[in-house]
Amino acid sequence: MEDRTHTLSRRAVLKRGGLVALATFSAPALLTACGSKKKALECNDTSGLSAGEKQGRDALKYVDKSTMPNKNCLNCGLYKAPAKAGECGGCTILKGPIHPEGYCTGWSPKAG
Ligand code: SF4
């Protein structure tokens with residue numbers, strides 16, 4: 001006669017072991033996947049600007065992502081680099097945060 005208690009016990013142990021292994025290997029992978037997703041830089045927060053300053057951005061059609069070939073804020077002579085890499089910069093003629101890949105109709109090539 002087969003010893004079913006021993007078989008079930010071994011099966012239960014294997015099942016639990018599998019769950020533990022799954023949890024052990026899946027949790028860090030999930031945490032890494034969630035944690036490594038870096039949020040894209042956005043420079044559209046104009047909440048600190050006056051109505052006139054917002055109008056200036058609108059008038060020059062500022063956008064966070066340039067659609068103009070070879071023209072963006074980073075290669076514009078009026079761009080002011082941020083203090084820390086990965087942050088929004090500024091602009092000589094527009095108030096508020098400026099994305100390095102942004103663009104407006106005031107674009108002017110860098111001198112030199
Ligand atoms: Fe960007 Fe326009 Fe300012 Fe040039 S003038 S840095 S294109 S917002």
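All figures in this text were calculated on a predicted structure; none of them were measured in a lab. Order of appearance sets the numbers: ligands from 1, and atoms from 1 within every ligand.
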Legend entry - Sub-4.5 Å side-chain heavy-atom contact between Thr92 and Lys80: yes

Legend entry - Minimum non-hydrogen distance to atom 7 (S) of ligand 1, winning option of Gly102, Cys43, Cys104, Gly56: Cys104

Inset, instruction - Do me a favour and list the nearest non-hydrogen protein atom to atom 4 (Fe) of ligand 1 with residue, atom name and distance? - result: Cys76 SG, 2.3 Å

Inset, instruction - Taking all non-hydrogen atoms of both residues into account, name the closest pair between Gly106 and Leu60 and its distance. - result: N-CD2, 4.3 Å

Inset, instruction - Determine if the SG-SG distance between Cys43 and Cys88 falls under 2.5 Å. - result: yes

Inset, instruction - Check the pair Asn75 / Trp107 against side chain to side chain donor-acceptor pair (under 3.5 Å), numbers first and verdict last. - result: CA-CA 9 Å; Asn75 64 21; Trp107 184 88; 2.9 Å; yes

Inset, instruction - List every atom of ligand 1 that sits less than 4.0 Å from any heavy atom of Trp107, numbering the atoms from 1 in the order shown and giving each element. - result: 7 (S)

Legend entry - Region of Thr92 that comes within reach of ligand 1 [heavy atoms, distance under 4.0 Å]: neither

Inset, instruction - Enumerate the atoms of ligand 1 whose separation from the nearest heavy atom of Leu94 is less than 4.0 angstrom. - result: 8 (S)

Inset, instruction - State the atoms of ligand 1, each with its element, that fall below the 4.0 Å cut-off from a heavy-atom position in Tyr79. - result: 6 (S)

Inset, instruction - Could you list which atoms of ligand 1 come closer than 4.0 Å to a heavy atom of Leu78? - result: 5 (S), 6 (S)

Legend entry - Side chain to side chain, Arg57 and Thr46, heavy atoms closer than 4.5 Å: yes

Legend entry - atom 3 (Fe) of ligand 1 contact by Cys73, N, O or S atom under 2.8 Å: no

Legend entry - Tyr79 vs Cys91 side-chain heavy atoms within contact, under 4.5 Å: no

Legend entry - Proximal atoms of ligand 1 relative to Ile93 (non-hydrogen, under 4.0 Å): 5 (S)

Inset, instruction - Please could you name the atoms of ligand 1 that Cys91 approaches to less than 4.0 Å, counting only its heavy atoms? - result: 3 (Fe), 5 (S), 6 (S), 8 (S)

Legend entry - Pairwise distance NZ(Lys38) to CG(Leu41) - rounded to 0.5 angstrom: 9.0 Å

